[in-house]
Amino acid sequence: MKAMVLRKLSLLDENETPLELEELPDPAPGAGDLLIKVLASGVCHTELDEIEGRAPPPHLPVVLGHQVVGRVEARGEAVETFQIGARVGVAWIFSSCGTCRHCREGNENLCGDFRATGRDADGGYAELMTVPEGYAYPIPEVLTDSEAAPLLCAGAIGYRSLRLTGIKDGQTLGLTGFGASAHLVLKMVRFHYPNIRVFVFARSEKERAFSQELGAVWAGDTTDRCPERLEAIIDTTPVWKPVVEALENLAPGGRLVINAIRKEDVDKDYLSRLDYPAHLWMEKEIKSVANVARRDVREFLALSAKMGLRPEVQEYPLEDANQALKELKLGRIRGAKVLKLE
Ligand SMILES: [Zn+2]
Ligand SMILES: [Zn+2]
């Protein structure tokens with residue numbers, strides 16, 4: 001099979017072609033695995049982190065890619081679910097132990113033996129890949145291959161972050177930061193909980209205006225005091241100031257959910273403004289989101305189909321993966337980037 005292979009870590013500014021097109025032996029499915037013919041593979045910021053060493057894969061070479069849509073080409077002898085030809089998706093969670101407390105409770109993203117697709121196991125920047133059958137999801141008919149791929153990462157994590165707020169219809173929700181993931185959360189809320197009122201905090205005037213077009217009842221700057229105290233807030237920013245500010249806007253018993261893989265140190269001193277009575281007293285909570293469990297992916301795909309969610313995508317052939325990554329890094333984001341295979 002053809003694959004775009006990562007053999008050594010480097011900075012994209014110094015090496016524009018970190019991935020090499022190679023001919024690799026076709027992978028063979030184990031007893032409980034599906035062999036998937038890849039149809040589309042989303043390109044994610046996490047792949048930049050892997051290539052540039054901020055989230056290095058434990059072993060090289062590796063095939064990246066954790067937003068994969070494909071067709072079942074072959075099944076291991078113990079596979080009971082998907083049939084040959086079924087269209088399936090694979091997300092960041094590649095496998096987990098299945099027996100620990102977290103796995104049993106449906107939070108297998110917290111499992112000590114968690115393995116990630118395209119990091120701990122070869123992913124979708126290739127013509128073929130294998131995955132344990134329990135970690136593949138049916139793709140709703142209404143979505144094309146390329147539309148479904150980007151939903152498997154940021155969208156599913158946005159869904160989990162909304163779930164972790166514990167919010168109920170009729171309550172108030174804040175979103176601090178209004179990028180791609182927050183847009184999706186706002187759309188989900190409008191569809192799923194029509195009586196939740198959403199308040200948005202964003203630095204850019206344009207983002208604030210856009211959030212109100214999408215149905216936010218109020219939009220202000222990160223440091224603006226919200227007209228109401230909020231039951232829950234989701235933070236999608238990479239910095240600390242919005243965390244401190246959000247805590248002040250929480251209602252008693254409110255929960256702040258931080259949906260960020262890591263926080264930058266640039267404004268870490270802002271944390272010294274943390275004032276116990278203003279920011280934490282009255283049983284306020286802080287919770288982070290650690291990617292996704294299988295339930296999030298399954299439920300989010302079904303919800304996307306019902307909502308008629310159609311992400312805007314820009315397609316590249318497999319061999320142009322380096323180009324897609326470079327454009328992602330430069331922020332030339334006109335829709336989600338997807339490698340489209342034959
Ligand atoms: Zn991702
Ligand atoms: Zn486990």
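Both counts, for ligands and for their atoms, begin at 1 and track the order of listing.
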(request) Quick one: the NE2 of H66, the Zn ion (ligand 1), SG of C153 angle, rounded to 10°, please. (result)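 My answer is 110°, to the nearest 10°.
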(message) If the cut-off is 2.8 Å, does any N/O/S atom of H45 fall short of it from the Zn ion (ligand 1)?
(response)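 Coordinating: no.
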(request) State, with a plain yes or no, whether a side-chain heavy atom of D113 is found less than 4.5 Å away from one of S96. (result) no
(message) Before moving on, can you tell me the angle at the Zn ion (ligand 2) between the SG atom of C111 and the SG atom of C103, to the nearest 10 degrees?
(response)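 Angle SG(C111)-the Zn ion (ligand 2)-SG(C103): 110°, rounded to 10°.
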(request) Would you sort out whether T172 and E228 count as a side-chain hydrogen bond (donor to acceptor under 3.5 Å, both in side chains), showing the intermediate values? (result) CA-CA 8 Å; T172 51; E228 290 179 45; 5.1 Å; no
(message) I'd like to know if the side chain of E47 reaches the main chain of C44, judged simply by a donor and an acceptor atom lying under 3.5 Å from each other, with no hydrogens or angles considered.
(response) yes
(request) Give a yes or no on whether C97 keeps an N, O or S atom under 2.8 Å from the Zn ion (ligand 2). (result)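 Checking C97: at least one N, O or S atom is under 2.8 Å.
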(request) Would you please test W218 and F201 for ring pair (Phe, Tyr, Trp, His ring centres under 6.0 Å) and show each step? (result) CA-CA 9 Å; W218 176 92; F201 305 84; 5.3 Å; yes
